[in-house]
Chemist: 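Before I ask anything, here is the structure I am working with.
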Amino acid sequence: MADESKPLNFIQQTITRDLAEGVVDKVVTRFPPEPNGYLHIGHAKSICLNFGLAEQFGGDCNLRFDDTNPEKEEDEYVQAIIEDVQWLGFQWSGDVRYASDYFGQLYDWAKYLVQEGKAYVCELNAEQMREYRGTLTEPGKNSPFRERPADESLTLLEQMKKGDVDEGSMTLRAKIDMASPNVSLRDPVMYRIKKVPHHRTGDQWNIYPAYDFAHGQEDAIEGVTHSVCTLEFASNRPLYDWFVENLPVPSTPHQYEFGRLNLNYSVTSKRKLKQLVDEGHVVSWDDPRMPTISGMRRRGVPAVAIRHFCDSLAVAKTDGVVDISQLEHFIRDELNKNAPRAMTVLRPLKVVISNLPEDHLEQLTAPQHPELDMGNRTLPFTREIYIDTEDFKEEYSKKFKKKLTPGKRIRLRNGYVIEADDYVKNEAGEVVQVNASLVPDTLGKDPADEIKPKGVVHWVSVQHCVDCEVHLYDRLFNDPAPDAGDKNFLDAINPASLQVMTGCKAEQSLADAEESTTYQFEREGYFCKDRKNSSAEKRVFNQTIALRSVWVEADT
Ligand code: ATP
Ligand code: MG
């Protein structure tokens, strides 16, 4: 939903004016991904913008796959993208659309331009074409095939389509202006021969439209009024307009370019993300460390946090780099407000409360959330409990005054106060058990002798906890600008981005944790059950985010 208190961005201003002046009756936008990879956080900005504009102005937003390049496109990507858009909470107008649905129409329009003397079949190979194109400072040269008769071009185009011509030996080109200062207008390629099966049209086509020949007309077919895209397409706009002006298209879309979202400590390029997957630097596209929408979902990031983050971004005519801590802020804010609480001990240390009977079992209760009315959970309290190894120190010191140490007290979160008596070490010299005493009558009360505990620790019952594995994540890259300049982004991969903690102990209520819920593990951070690695026998929790950023100091 648009925030009424925010000034309108330049696209909202344009739409407001177009509606007021009757330039359009209804706004139609679209999100047009190419199904050659999974969506990333940058795409989320485009999704929120396009769907958000339609929502705000009572219009429609289409979801259209720009599937014009069969070499890199797959149905797996189509399905993943559909799931991501829905998960973000958006619904497109009508059916999912595909550029490939328009291949017949685009081909007819290509023939139309040939007949009009505005397109021709060219037999320059790729290298020659580059030579003829000229440079930014020098004009290009006309192709020797430029003036061939329309009939000849039509026959050759037909042969290209049938598969009778070798790949790379011919293209169909628009006849515009080889001397144009805009290189996009120097007789751009409209069709290439690619004898490659397409994920939807199979072997039907041996030629495929160039993105530039398809994109604007697809918008025109769908009645898109405001074609919103990223800045790198600004120089192609005159070409899209040329096709739209020179073809009998049913409507006239206008393109508006905004700055792409770049996040520091991240890469937002499908090509690079694919490389991370293909070369095994991460496990999959939805690896929780990936800046993909599916990776963030699997990690437990709420969709609404991503939407709030995207809404907070400027929609401007310049590219910028956004600090990842801004995204993290929205994730923490949302989870702090809405995540149910639970206790999980990541590095368990057994504590035996020797003044309780062996079969002691008391059902303590704690709220699911400190402020929201989410009900209560039951915490079985027994003679043997686990606390975190980090919460016990052999010797008292000021630095550790909030820890459990012999002779000192601590409050068990949502429970009683205990005092450590002594501890047991193994042969390796590690503390493996702490013996403690319960300070009676301290549930929700201070001790009667007024010796108050300084700290609070989380805990679970040894007999009533559930085993789990916890995956802790750090940023995938150590470098704030992993792919800047001529840097190889692979060199910046953080080798410690995943830490697997085994033998962790979760409170009983997490036995049936849901994958769609992100919990606050009290004093540890936010976690959600992993949808891929968990099974009936094994529970795996992904860390969504720590309670506080450990990067704050490093960043400033
Ligand atoms: P990539 O550079 O990751 O390959 P792309 O631009 O090739 O992305 P598309 O599938 O063509 O990916 O993108 C679909 C839409 O998302 C386009 O309108 C594109 O402009 C937009 N988009 C892509 N990346 C970003 C980004 N980082 N920020 C904002 N919008 C983006
Ligand atoms: Mg693209």
Side-chain angles (χ1 to χ4, degrees), residues 9 11 28-54 61-69 71-74 76-82 84-85 88 90 92 96-100 199 210-212 214-216 218-219 222 224 226-237 240 253-278 285 290-296 306-307 309-322 324 326-327 481-483 489:
N9 64 47
I11 303 177
V28 182
T29 57
R30 81 286 178 271
F31 174 62
E34 186 184 353
N36 60 354
Y38 281 56
L39 298 181
H40 52 63
I41 184 72
H43 293 113
K45 179 178 180 187
S46 176
I47 293 171
C48 292
L49 178 59
N50 279 295
F51 283 92
L53 289 170
C61 181
N62 297 345
L63 173 61
R64 179 182 69 237
F65 287 97
D66 250 319
D67 54 352
T68 53
N69 182 5
E71 284 157 327
K72 292 188 174 160
E73 295 162 359
E74 286 174 32
E76 177 196 339
Y77 298 139
V78 171
Q79 299 313 324
I81 291 170
I82 289 177
D84 286 350
V85 174
L88 281 175
F90 295 109
W92 48 90
V96 172
R97 293 151 214 255
Y98 297 87
S100 50
H199 75 110
Y211 182 80
D212 284 348
H215 198 72
E218 293 162 16
D219 284 343
E222 294 179 6
V224 170
H226 296 78
S227 306
V228 179
C229 68
T230 35
L231 282 176
E232 68 269 26
F233 295 102
S235 60
N236 302 50
R237 176 163 23 96
Y240 300 154
H254 287 281
Q255 177 174 298
Y256 302 90
E257 304 92 15
F258 70 99
R260 33 186 316 128
L261 165 62
N262 301 302
L263 267 191
N264 65 6
Y265 294 101
S266 225
V267 296
T268 44
S269 144
K270 280 185 281 188
R271 184 180 62 74
K272 289 174 189 158
L273 295 175
K274 186 169 189 312
Q275 198 180 339
L276 289 173
V277 178
D278 290 347
W285 282 95
M290 290 280 270
T292 51
I293 296 179
S294 50
M296 291 189 283
I306 298 178
R307 289 178 62 157
F309 167 68
C310 290
D311 288 346
S312 77
L313 299 170
V315 175
K317 293 184 195 175
T318 46
D319 281 331
V321 179
V322 173
I324 196 167
Q326 195 174 331
L327 172 61
D483 55 357
F489 71 105

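Numbering of residues begins at 1 and proceeds along the displayed sequence. Whatever order the structure lists them in is the order used to number ligands and atoms, beginning at 1.
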Chemist: Regarding atom 21 (C) of ligand 1: of the candidates C229, P33, S46, which has the closest heavy atom?
Modeler: S46
Chemist: Distance under 4.0 Å to a non-hydrogen atom of F31: what atoms of ligand 1 satisfy this?
Modeler: 14 (C), 15 (C), 16 (O)
Chemist: Looking at CD of E218 and CG of N62, how far apart are the two atoms once the value is rounded to the nearest 0.5 Å?
Modeler: 11.5 Å
Chemist: Nearest heavy atom to atom 10 (O) of ligand 1: which of R260, K270, K45 does it belong to?
Modeler: K270
Chemist: Taking the side chain as every heavy atom from C-beta outward, state whether I47 and C61 have any pair of such atoms under 4.5 Å apart.
Modeler: no
Chemist: Identify whether the distance between the nearest side-chain nitrogen and carboxylate oxygen of E222 and R30 falls below 4.0 Å.
Modeler: no
Chemist: Can you tell me how far CE of M296 sits from CZ of F309, rounded to the nearest 0.5 angstrom?
Modeler: 8.5 Å
Chemist: Given L261, L263, N262, which one has a non-hydrogen atom that is nearest to atom 28 (N) of ligand 1?
Modeler: L261
Chemist: Taking only heavy atoms of H40, which atoms of ligand 1 are found under 4.0 Å from at least one of them?
Modeler: 3 (O), 24 (N), 27 (N)
Chemist: With respect to E232, determine whether any N or O atom, backbone or side chain, lies less than 3.5 Å from an N or O atom of ligand 1.
Modeler: no
Chemist: Hey, are the side chains of V85 and L39 touching, using non-hydrogen atoms and a 4.5 Å cut-off?
Modeler: yes
Chemist: What atoms of ligand 1 come within less than 4.0 Å of a heavy atom belonging to E34?
Modeler: 9 (P), 10 (O)
Chemist: Pull out every atom of ligand 1 sitting under 4.0 Å from any heavy atom of S269, numbered as shown with elements.
Modeler: 3 (O)
Chemist: Strictly under 4.0 Å, does any heavy atom of H43 approach an atom of ligand 1?
Modeler: yes
Chemist: Below 3.5 angstrom, do we get any N/O pair linking T230 and ligand 1?
Modeler: yes
Chemist: Between Y38 and E76, is there a side-chain donor-acceptor contact under 3.5 Å, judged purely by atom types and distance?
Modeler: yes
Chemist: Would you please name every residue forming a side chain to side chain donor-acceptor pair (under 3.5 Å) with H199, sequence neighbours left out?
Modeler: D67
Chemist: For F90, is the NZ or CZ atom of R307 found under 6.0 angstrom from the centre of its six-membered ring and inside 45 degrees of the ring axis?
Modeler: yes
Chemist: I need the contact type for R271 against ligand 1. Using non-hydrogen atoms and a strict under-4.0 Å cut-off, is it side chain, backbone, both or neither?
Modeler: neither
